[in-house]
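Presented below is the structure to which this report refers.
The structure displayed is predicted, hence computed values, not measured ones. Sequence lines set the chain letters: A, B, ... in the order given, protein chains first and strands last, and positions in each chain run from 1.
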Amino acid sequence: MAIADILRKTVAASLTSLYGQDFTGSDFQVNQTKPEFEGDYTIVLFSLVKRIKKSPDQCGNELGAYLLQQHPDLFSGFNTIKGFLNLSISNGFWLDVLTQNFADASFGRTPAGKGKVMVEYSSPNTNKPLHLGHLRNNFLGWSTAAILEADGQQVVKTCIANDRGIHICKSMIAWQLFANGATPASTGTKGDHFVGDYYVLFGTELKKQVDELVAGGMDKEEAEKQAPIMQQAQQMLVDWEAGKPEVIALWKKMNSWVYEGFETTYKRIGSDFDKTYYESETYLLGKDLVETGLAKGVFFQKEDGSVWIDLTAEGLDQKIVRRRDGTAVYITQDIGLAVRKHEEFGCDKSIYVVGNEQDYHFKVLKLICQKLHLPDADNIYHLSYGMVELPGGRMKTREGTVVDADDIIDEMVKVAREKTEELGKVKDFTPAELTELYDIIGLGALKFFLLRVDPKKKMLFNPEESIDFHGFTGPFIQYTHARIKSILRREMPGPANISTPLLPLEKDLLVAMEQYPSVIEQAAASFDPSLVANYAYSVAKTFNSFVTEHKVLAAETEEKKQLRLRLCQMTANVIASAMQLLGIRVPERM
RNA sequence: GGCCCGGUAGCUCAGUUGAAUAGAGCAACUGCCUUCUAAGCAGUAGGUCAUUGGUUUGAAUCCAAUCCGGGUCACCA
């Protein structure tokens, strides 16, 4: 049990026996003691004053003395200052934490057995390449899954390929019109970029046609509908749903190019899935459910044949679930997918990692599923994350203001190489080892940068300033790990019986590491990898302070050396473990 | 306009369930590499926690109003 929980329990029990009323752990706050005061953990007494009817200081002194007397193994002292009871935890407790866990690489993790959860992430459109926003999604999804697993849950990672719909038809039409049979192979272009270029081309051509129509006196909204290229795209979607062979063939061909490109990128960033769903396979099930809902009266049909749900009673609007021409919309397939997921895996919770611009969509989706009485409807959880913005504002593919995923990865790896060469510490590495190291550092920097921020909040990426390998960054933590390994390569902990008093910096480290299991638990409960990132950073920082102040191999005594070697090993384990939860590898040397 | 989210140092961000003098990193400045990796450490400077009012022994945190920014309300996804 975590020390904070032990304190909560112990203090509640002590209060109960001291004052003859029932107290629970939530009647008071347990904080880490601020550095300027003596002690390790602090009980905030103000909330108790009303019930006990004594001054905070008197209460603190009574409670402190009682705790010390009842639990001499756990506490070594206390002081009460202005309503705060500062407790010193005994040396022995911290040494126990160390000796029990220093060699355990799985320290902090809970064995499986807490239920089953599905994490859907990535969810790309197969008409354009991935950009920085998709990377945030992938890193967040992968890391959340890893954290849930470390928390003892069985995790199923899924991906939905949004491989059908009007947006796909746009790339296809543009390719038909302008490509003259060109392919990724014939142009030497990565498949997803190749198709993305035609998506952009569609937009350019559409704008041209709209401008012409507007010049001819049509209003803009109407022109966008009437533009020939748009009509062609819409016709193509109808043909696609009707299964017209040449359309299906083209669609398969272009999607296969995109998948090939995605595969390369996924491999590079380490995204993997237990199951990939395709919208082209789930939308029909969704359309069936629309029929069912129509029969049940959950949906209603308008005169033009389009099908809707009325959510005005829930404070939302009416939402279309099937177009006038009978084709499916975005949300149609999501309804089908929810059912498919349940049939196949039946999880206790179904998490969708999708940007916060779709908050409304998921609110509607959940409501629709509930109204249809679909199983697991209540278990839908939208893990909504903020957009990645550039100094000039949002990224928009159509406007070309995106940071391409492949480009930014290459750039980070390049900077990692330059920086490493500059420092010249690994000149004996083979070329293969160097390539791997640059990947570890470059991707580590990128992943850490995107994961260290609260997922819910939008974040800013400034290409000029955001690529940094110092301070609160992935490479800083990787570097700390490499330094520890450098010590451990010279000597590993040997047998020892340690009872030496802990110096402040030694204890700070143990206090930090003792919190690791709670950090995982909290990160899992709130689906928030940034807690793990912040934690890993604070552990690394604490270690660096310790190691510059105290020698390990040349410690004052053999016992001290053994103590510090254990601290080194445990810190390296915790850092490596926490970084693994973020999908970041740590090097032995750098 | 309705609904949702946000506003903390020059910049990027922490600050879980209210508590002690609001913390990091970057940028700026000062020190520290003949001894375990200086991608490091120690320090200086930098704040009206958007504004106003309220609740409380105590508010960056809770409530209300206002101002500012973003998202969304598509027969796009």
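- Contact between the side-chain N/O atoms of A/N356 and the OP1/OP2 oxygens of B/C5 is not found at any separation under 4.0 Å.
- Side-chain atoms of A/Q522 come within donor-acceptor range of the base of B/U16, with a qualifying N/O pair under 3.5 Å.
- Note on A/K551: every side-chain N or O is 4.0 Å or more away from OP1 and OP2 of B/C36.
- With rounding to whole Å, A/E549 atom CD is found 18 Å from B/G40 atom P.
- A/Q29 has a side-chain polar atom (N or O) that falls below the 4.0 Å cut-off from OP1 or OP2 of B/A19.
- Listed here is the closest heavy atom pair of A/Y516 and A/A578: OH-N, 3.2 Å.
- Atom C1' of B/G53 sits at a distance of 14 Å from the matching atom of B/A59, rounded to the whole Å.
- For the P atom pair drawn from B/U16 and B/A74, the interatomic distance equals 37 Å after rounding to whole Å.
- Atom C1' of nucleotide B/G18 and atom NZ of A/K50 are separated by 12 Å, given to the nearest angstrom.
- Take the nearest nucleotide of RNA chain B for A/I487 and for A/T33: the residue whose nucleotide is more 5' is A/T33.
- Centre separation under 5.5 Å together with a plane angle under 30° does not hold for the ring of A/Y479 and the six-membered base ring of B/G40, so they are not marked as stacked.
- By the 4.0 Å N-to-carboxylate-O rule, A/R394 lies close enough to A/E357 to be salt-bridged with it.
- Rounded to a whole angstrom, the distance from the C1' atom of B/U48 to that of B/U8 is 12 Å.
- The side chain of A/S486 sits closest to B/C36 out of B/C36, B/A20, B/A38.
- RNA chain B lies under 4.0 Å from at least one heavy atom of each of the following residues of residues 446-454 of chain A: A/R452, A/V453, A/D454.
- Nearest nucleotide to the side chain of A/H167, out of B/C75, B/A14, B/A77: B/A77.
- For the pair A/W308 CH2 and B/C75 P, the interatomic distance rounds to 5 Å; values are reported in whole Å.
- An OP1 or OP2 oxygen of B/U37 is reached within less than 4.0 angstrom by a side-chain nitrogen or oxygen of A/R490.
- Contact between the side-chain N/O atoms of A/R564 and the OP1/OP2 oxygens of B/C36 is not found at any separation under 4.0 Å.
- Salt bridge annotation for A/R51-A/D27: present, with a cationic side-chain nitrogen under 4.0 angstrom from a carboxylate oxygen.
- A/R483 has a side-chain polar atom (N or O) that falls below the 4.0 Å cut-off from OP1 or OP2 of B/A38.
- The listed nucleotides are B/G40, B/A20, B/G69; the one nearest the side chain of A/F37 is B/A20.
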Under the ring pair (Phe, Tyr, Trp, His ring centres under 6.0 Å) rule, what do A/F448 and A/F472 come out as? Steps first, then yes or no, please. CA-CA 9 Å; A/F448 196 86; A/F472 185 22; 5.4 Å; yes
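- Nearest nucleotide to the side chain of A/Y537, out of B/A24, B/A20, B/C76: B/A24.
- Contact of A/N86 with B/A20 (side chain to base): a donor-acceptor pair of N or O atoms is detected under 3.5 Å.
- When every heavy atom of A/S518 is checked against every heavy atom of A/A2, the shortest pair comes out as OG-CB, 3.4 Å.
- Here the nucleotide nearest the side chain of A/T548, chosen from B/A77, B/C75, B/G40, is B/G40.
- Within the structure, every side-chain polar atom (N or O) of A/S26 is placed at least 4.0 Å from both OP1 and OP2 of B/U17.
- Distance NE2 (A/H550) to C1' (B/C41): 13 Å, rounded to an integer number of Å.
- For A/E279, taking side-chain heavy atoms from C-beta onward, the closest of the listed nucleotides B/C13, B/A20, B/A77 is B/A77.
- Within the 4.0 Å cut-off from OP1 or OP2 of B/U72, not a single side-chain nitrogen or oxygen of A/H361 is found.
- Straight-line distance between the C1' atoms of B/A65 and B/A24: roughly 34 Å, to the nearest whole Å.
- Of the residues listed (A/E559, A/E558, A/E556), the one engaging A/R564 in a salt bridge (Lys or Arg N to Asp or Glu O under 4.0 Å) is A/E556, and it is the only one.
- Looking at heavy-atom distances under 4.0 Å, A/F46 makes contact with a base.
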What protein N or O atoms touch nucleotides 9-11 of chain B N or O atoms at under 3.5 angstrom, if any, and at what distances?
none

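- For A/K457 and B/A14, the shortest distance from a side-chain N or O to OP1 or OP2 is below 4.0 Å.
- Salt bridge annotation for A/K287-A/E241: present, with a cationic side-chain nitrogen under 4.0 angstrom from a carboxylate oxygen.
- Here A/F472 does not lie in a stacked arrangement on the base of B/A24, lacking the combination of planes under 30° and ring centres under 5.5 Å apart.
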For RNA chain B, what dot-bracket results from Watson-Crick or G-U pairs at under 3.5 Å, with [ ] for crossers and | for inter-strand partners? (((((((..((((.....[...)))).(((((.......))))).....(((((..]....))))))))))))....
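- The pair A/D428-A/R589 meets the salt-bridge criterion, with a side-chain N (NZ, NE, NH1 or NH2) lying under 4.0 Å from an Asp/Glu carboxylate O.
- Nucleotides B/U61 and B/G15 have their P atoms positioned 15 Å apart, rounded to a whole Å.
- Distance from the side chain of A/T42 is smallest to B/A20 among B/A77, B/U37, B/A20.
- One atom, CD of A/E221, and another, C1' of B/C75, lie 12 Å apart when rounded to the nearest Å.
- Taking atom CG of residue A/L567 and atom C1' of nucleotide B/C36, one finds them 14 Å apart after rounding to whole Å.
- Look at CG on A/L311: it is 14 Å from C1' on B/C3, rounded to the nearest Å.
- Of the candidate nucleotides B/C75, B/C13, B/A14, B/C75 has the atom nearest to the side chain of A/R323.
- Among the nucleotides B/C4, B/C75, B/C36, the one closest to the side chain of A/S306 is B/C75.
- A gap of 31 Å separates the P atoms of B/A22 and B/C67, to the nearest Å.
- One atom, CG of A/L237, and another, P of B/A74, lie 20 Å apart when rounded to the nearest Å.
- Nucleic acid contact for A/L423: base, since at least one base atom lies under 4.0 Å from a heavy atom of the residue.
- Mapping A/D528 and A/N162 onto RNA chain B via the closest heavy atom, the residue that lands nearer the 5' end is A/D528.
- Separation of the P atoms belonging to B/C11 and B/C73 is 32 Å when rounded to the nearest angstrom.
- Only the C1' atoms considered, B/G1 is 42 Å distant from B/G46, to the nearest whole Å.
- Between A/E506 and A/R566, none of the side-chain N atoms (NZ, or NE/NH1/NH2) sits under 4.0 Å from a carboxylate O, so this pair counts as no salt bridge.
- Comparing B/G25, B/C73, B/A19 by their closest approach to the side chain of A/K541 singles out B/G25.
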